Every structure is written in structure tokens, then in C-alpha cells.
Number of protein chains: 2
Amino acid sequence: MPTIKDVAKQAGVSVATVSRVLNKKGYVSKEAEKAVSAAIKKLDYRPNAVARSLYHKTSGMIGLVLPDISNPFFPELARAVEDVALAYGYTVVFCNTDEEVEKEQKYFEALKQKYVDGIILSTSSQEQEAYHQLDLPLVALDRILGENIPTVVSENRKGAELAATHLLDNGCRHLAHLRGPEGVGPADERYEGFMEVVRREKIPYIIKNAGFDMEKAKQTTLKLIRSNPSIDGIFAGSDITAAGAMHALAILGKKVPDDVKVIGFDGIPLGSMLVPGLTTIEQPIYKMGALAARLLIKQIEKNPHDKIYHELPVKLIVRGTTEEVKNDWKSDGSREH
Amino acid sequence: MPTIKDVAKQAGVSVATVSRVLNKKGYVSKEAEKAVSAAIKKLDYRPNAVARSLYHKTSGMIGLVLPDISNPFFPELARAVEDVALAYGYTVVFCNTDEEVEKEQKYFEALKQKYVDGIILSTSSQEQEAYHQLDLPLVALDRILGENIPTVVSENRKGAELAATHLLDNGCRHLAHLRGPEGVGPADERYEGFMEVVRREKIPYIIKNAGFDMEKAKQTTLKLIRSNPSIDGIFAGSDITAAGAMHALAILGKKVPDDVKVIGFDGIPLGSMLVPGLTTIEQPIYKMGALAARLLIKQIEKNPHDKIYHELPVKLIVRGTTEEVKNDWKSDGSREH
DNA sequence: TTGAAAGCGCTAACAC
DNA sequence: GTGTTAGCGCTTTCAA
């Protein structure tokens with residue numbers, strides 16, 4: 001690979017001049033510029049990003065730290081981050097932590113040593129303190145890490161209220177909530193939203209912990225329905241656990257939505273693939289990722305942004321698990337409310 | 001952040017000595033070593049990865065180039081790559097190309113300029129030539145890029161034969177194949193495997209192009225079954241398109257598996273979430289990713305590896321879409337054959 | 001056993 | 001307008 005020196009020699013100028021035309025900075029005569037451009041083209045020269053990094057202490061890379069890309073909520077988020085990053089000329093380093101402090105810490109080290117320009121965090125295994133100490137531009141995505149860290153989340157609580165209300169509106173009189181892991185922000189908020197509604201409406205309810213895991217949700221639902229056969233509406237904390245519940249209901253011979261209605265949360269593609277289609281609270285996943293990336297890049301490039309807390313709207317998507325869908329008038333069989 | 005100079009000063013030695021203890025290379029007296037270690041600890045010093053890169057022309061990063069992480073086949077693959085990379089001290093740069101040559105090219109540039117040590121490629125939008133020119137350690141994953149590029153794929157052809165045979169074994173007499181995009185290696189091979197069986201067995205069949213897209217598969221299946229109501233077995237080119245087919249069948253009032261049996265390909269988690277569970281040909285996705293990463297790292301570290309073509313075994317997973325599953329004797333309702 | 005110094009490729013004062 | 005040169009932080013000859 002040719003270096004800036006080669007280009008300078010080829011063009012008959014100094015490296016400084018080459019650098020100037022490369023960065024469009026400082027005075028360069030038309031002729032010099034032409035000579036340099038020609039040399040660059042002739043040698044097929046590209047500036048060495050590492051050398052630039054060393055000088056500028058920036059790398060054009062951002063870290064994306066999330067629990068596990070295999071969890072279907074994250075691919076779309078990751079994709080959004082990457083799209084925006086690419087558009088702004090950044091590159092994404094991809095870090096799965098499984099919510100393990102150790103891995104997270106290891107990655108933070110590695111990322112800092114590589115001069116990443118900032119980090120998007122969808123995990124929260126550590127104390128707020130640890131993130132502040134990073135001393136890097138940060139954005140919290142789908143998690144709340146602390147007061148002064150820019151944050152992108154969706155309306156988890158309101159979504160849960162919508163979900164519970166939707167079940168009631170459709171005639172359910174005995175609800176269950178398969179809640180996500182305790183201590184994980186969105187799961188807790190969904191739980192609270194659900195509680196708000198059942199308490200206000202004085203509806204009998206049961207809460208079961210199902211994590212965000214399909215198999216666990218299935219087993220939990222089997223037990224739940226066997227011991228509480230009168231349950232006629234299930235609000236699952238995620239679309240994955242909703243799928244688990246549906247499996248359990250199928251095994252028990254319960255018809256969905258006739259005997260039991262099911263609603264999920266997230267709006268991942270899975271929901272539309274299930275038969276019947278899964279009614280769910282849709283988060284604007286792509287938008288969340290894209291916004292997080294934009295906020296991070298603004299921070300990196302020192303364009304101050306006004307708001308630091310961004311809560312994006314959720315939307316009830318009605319499909320077959322809560323309502324008989326008679327005809328196929330919209331291609332994916334879903335409706336927005 | 002402290003630099004090696006700070007450490008040297010603190011320890012009362014030269015930077016060369018610090019470097020020696022850092023890299024455990026060359027002679028260092030016990031005392032010097034002790035002083036340096038103490039200084040490192042005291043200053044909480046970590047070597048600057050960028051400066052090292054500049055000197056060594058390596059970065060400890062590998063590029064992972066794939067079409068779209070939103071496609072559910074890729075998250076697990078990506079996860080595997082990342083796990084192995086992390087274990088060997090590498091970091092993964094994450095690149096979605098949508099199979100667009102332009103994006104691919106842009107990423108190649110960026111990756112080279114950053115001194116990435118190698119690339120794992122799950123796309124193939126360009127001529128073989130382009131990949132050779134990269135002049136970087138390369139591994140092709142789920143694609144075949146050329147003779148002398150180490151490759152990890154699964155038994156696509158054999159899997160397709162298994163799938164078609166399974167349908168016939170279960171009494172199907174009129175098959176359809178929803179094939180994946182033409183020109184995409186695995187899709188073509190699955191098509192060929194299917195053809196092999198239907199020709200050999202002289203079974204009536206129909207081929208329809210459904211891409212790897214659920215909605216398209218659904219529409220295609222609607223038309224397909226309406227004009228060919230005698231079809232009683234569908235081999236979808238992927239689990240996603242199988243889900244689309246199941247939707248279409250539900251709309252048409254066809255019972256699965258009684259009226260029509262369905263089998264997919266890939267073995268992504270979706271299959272076990274559908275009701276009934278989706279019979280499929282399972283690829284060892286995680287293993288494929290992990291092997292690809294190991295092969296790449298071996299190449300990078302100049303440990304020659306013997307075989308360059310690796311075809312991993314597929315496995316028929318029987319679930320509810322081809323066989324009435326009466327009881328729930330295995331927790332996910334699946335069986336391996 | 002250790003240190004001085006050159007150099008990895010690039011940028012930006014500073015001088016001319 | 002342009003070139004010389006001193007770094008950015010690290011590694012590694014080469015001398016001592």
C-alpha cells in the first residue's frame with residue numbers, strides 16, 4: 001500500500017501539500033492540487049486510518065454493546081445503528097455481553113484502547129458510576145443508565161396499559177401477566193403498567209415470572225393455566241414469551257383467541273409469522289436504534305442536543321390472537337389502532 | 001490516559017524497558033520489571049492499541065460482512081463469530097451490505113484502511129476476482145466465493161433431499177418447492193436437491209420463486225394452492241418462507257399437516273415458536289460461524305490449516321407440520337432423525 | 001541488561 | 001503557497 005510519502009514523491013511536492021489536498025485544508029495551488037490528485041489516482045492511494053487515529057485520538061468507530069444479538073429484539077436495533085453509522089462515515093464494533101459485567105468490562109477496555117469515538121449501550125449490568133467513568137460519549141438504548149446519559153426508550157408503561165386495556169375491551173375478565181426479568185427496566189415498567197390497569201379496573205390477575213425466554217414461558221403457562229383454568233387473557237412481556245404461551249395453550253387444547261386471548265410486546269417480525277398472528281404492542285425498534293446512533297454521533301461531533309431523554313411511542317397492533325380476523329383485507333392481517 | 005513515557009518516568013527506566021516487560025520480550029532485570037509493573041499499576045496504564053496497530057499493521061479486528069442481520073439466519077452466526085473472536089482476543093466489525101456491491105466495496109475500503117486482520121464473508125455480490133484482490137485473510141461463510149478461499153457451508157443439497165424424501169415418506173404425492181433467490185448458492189443447491197428426488201421418484205412437482213421473504217412466500221403460496229389444490233407437500237427454501245406458506249394455508253382453510261405438510265430449512269428458533277412447530281432441516285448455524293471464525297484466526301496467525309472446504313452436516317428435525325405430534329414427550333415437541 | 005533513536009503514516013505548527 | 005519538522009504512542013534495532 002502506498003503512503004503519503006509515495007504520493008508526495010510522485011507528485012513532486014511535500015507530504016504537507018498532499019495532506020492539505022487530502023483534507024481540503026490550507027492553501028494549495030491549482031497545479032499542486034492537480035498533481036497530487038493525479039498521483040493519488042495513479043498510485044490508488046488511500047490514507048491510512050490508523051495513522052490518522054493515532055494523531056487525532058479518534059477512530060471513526062462506535063461500539064454497540066448489547067446483551068445478545070440472538071435475541072430477536074436486537075438485530076433490527078443493530079441494523080438501524082449500523083445504517084446511521086454508515087451514513088455518517090462511522091463503523092460499528094459489535095459486542096455481546098450476555099449482561100455479564102466481566103465481558104462488558106473487557107469490551108470497554110478494548111474499545112477505549114482502540115479509540116472508539118463513543119458507545120451505544122443496551123445493557124445495564126453495572127452501576128451508573130462505571131459508565132460515567134468511561135469518559136466517552138454514551139447513549140443508553142432501551143435501558144436507563146442514569147440522569148445525564150442521553151437515553152432512547154419506548155413507552156413501556158403506556159404500552160403495557162394499552163395491552164391490558166385491549167384484553168379487557170375484548171371481554172377478558174381474568175388476566176395473567178408473564179413478566180420479564182426483574183430488575184430489567186423495560187420489564188419492570190411493563191409490569192407496572194399492567195398493574196395500574198388491573199388495579200384500577202379491579203380485575204382478578206396473576207403475575208408469573210417468565211424471563212424473556214420462550215421455553216420458560218411455555219412451561220410457566222402450562223402450569224399457570226392448569227391451576228387457573230379461568231384465565232382468559234394473557235399479557236406476555238415480550239413477543240417471544242407470547243409465542244411460548246401460545247405453544248402451551250395449544251398443548252392444553254385452549255383455542256386462541258376464543259378461549260384465551262394473548263398479547264405480546266415488542267413488535268418483532270415473529271409476531272406476524274405466528275398463526276394466528278400475534279397481537280402486540282409494537283415498539284419502533286428501527287427508529288430507536290437510528291435515533292440512538294444519531295444522538296451519539298451528534299455528541300461525538302459536539303453538536304449539542306437539547307433533549308437527553310427520548311421516549312418513543314408504541315402502537316397497538318391487533319392481529320389474530322385477540323380478535324377473530326375474518327378476512328385478509330390487509331396483506332399481513334394486522335391493523336393499527 | 002497515561003502513555004508508555006509516563007510509565008517509564010514513573011519507573012525510572014526507559015520506554016524500551018517498559019515495552020519489553022509489556023511484551024515479555026528481551027532481557028529485563030527483576031528489579032526493572034518490578035518497578036515497571038508497579039508503575040503500570042499505579043498509573044492504571046494500558047497500552048494504546050492504535051499505536052501498536054500503526055507499527056504492526058494489524059489491528060486485532062476482523063470484519064464480519066453479511067447481507068442483513070435482520071434476517072433471522074444471521075444473528076446466531078454473528079454471535080458465534082463474536083464468541084470465538086472474543087475468546088482469541090479479536091474484536092468484530094459489523095457490516096451489513098444488503099448484497100449491494102457498492103456497500104460491500106465501501107466496507108472493504110474502510111476495513112483495509114483500519115488494518116483489519118481478516119474478513120468473514122457471507123455475501124457474494126462480486127466476482128471472485130474482487131475478493132482475491134482484497135489481499136486479506138478471508139473465509140467464506142454460507143457462500144462459495146472461489147476455489148482457494150476457505151469455506152464453511154452446510155449440506156444444502158443433501159438437506160433438500162432429506163426434506164423432499166421426508167414429505168414423500170409421510171404420504172405426500174404432489175410437491176411444491178418455494179425456492180430461494182436464484183444465483184444465491186444455498187438456494188440453488190436446495191433446489192437441485194429437491195429436483196433430484198422428485199425426478200428420481202417421478203413425483204409431480206411445482207417450483208415457485210419465493211425469495212427468502214415471508215410475505216412473498218405467503219402470496220406465492222396463496223396463488224400456488226389456489227391453482228393447484230392437489231398439492232399436499234411444500235418444501236420451503238427457508239424457515240421464513242415456510243412461515244409464509246403456513247399463513248397462506250391458514251387463510252385458505254387448509255389444515256397443516258393433515259391437508260398439506262410443510263417443511264422448512266435452516267433451523268432458526270422461529271421454527272419451534274410456530275404452532276404447530278415447523279419441521280425443518282437444521283443447519284448447525286452456531287457451529288458454522290464458530291468454525292469460520294476459527295479458520296480465519298488460524299489464517300491470520302499463520303497456522304496453516306489442512307482442509308479449505310468445510311461442509312457441515314444438516315439434520316432433519318420433525319415437528320408438527322409434517323407429523324401429528326400426539327404427546328409432549330420432549331419439551332420443544334421436536335425429534336431428531 | 002538497558003537506553004537512544006528511528007520509524008510506523010499522518011497532521012499541523014512554523015518557517016520561508 | 002509550500003516545505004520542514006515535531007509529534008501521536010509504540011516497537012525494535014543498535015550501541016553501550
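Note that this is a predicted model, so its numbers are computed, not measured. Just so we're on the same page: letters track the sequence lines, and every chain starts at 1.
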Problem set entry | Results of ring-ring contact (aromatic ring centres under 6.0 Å, His included) for A:F94 - residues two or more places apart only | B:F94
Seminar exercise, completed: Residue pairs meeting salt bridge (charged side-chain N to carboxylate O under 4.0 Å, His left out), one or both in residues 64-84 of chain A, sequence neighbours left out, come to A:D68-B:R79, A:R79-A:D83, A:R79-B:D68, A:R79-B:D98
Exercise. More than 12 non-hydrogen atoms from neighbouring residues, nucleotides or ligands closer than 6.0 Å to CD on A:E127, yes or no?
Worked result: no
Problem set entry | Cationic N near anionic O, under 4.0 Å, A:K106 to A:E100 | no
Problem set entry | Selection: residues 27-34 of chain B, any non-hydrogen atom under 4.0 Å of DNA chain C | B:Y27, B:V28, B:S29, B:A32
Problem set entry | Neighbour count above 12 (heavy atom, 6.0 Å) for B:K103 NZ | yes
Problem set entry | Pairs where residues 45-88 of chain A contributes a residue and the test ring-ring contact (aromatic ring centres under 6.0 Å, His included) is met, not counting sequence neighbours | none
Problem set entry | Contact letters for nucleotides 8-16 of chain D, in which S counts primed atoms plus P, OP1 and OP2 and B counts the base, heavy atoms under 4.0 Å | BBSBBB---
Exercise. Got a salt bridge between A:K24 and A:E33, using NZ or NE/NH1/NH2 to carboxylate O under 4.0 Å?
Worked result: no
For this session: Report yes if the side chains of B:T3 and B:V7 come closer than 4.5 Å at any heavy-atom pair, otherwise no.
Result: no
For this session: Heavy atoms of chain B, cut-off under 4.0 Å: which first and last nucleotide of DNA chain C, 5' to 3', fall inside that, if you could look?
Result: C:dT1 to C:dG9
Problem set entry | Worked verdict on A:K114 versus A:E109 for salt bridge (charged side-chain N to carboxylate O under 4.0 Å, His left out) | CA-CA 9 Å; A:K114 287 182 170 20; A:E109 298 271 302; over 6 Å; no
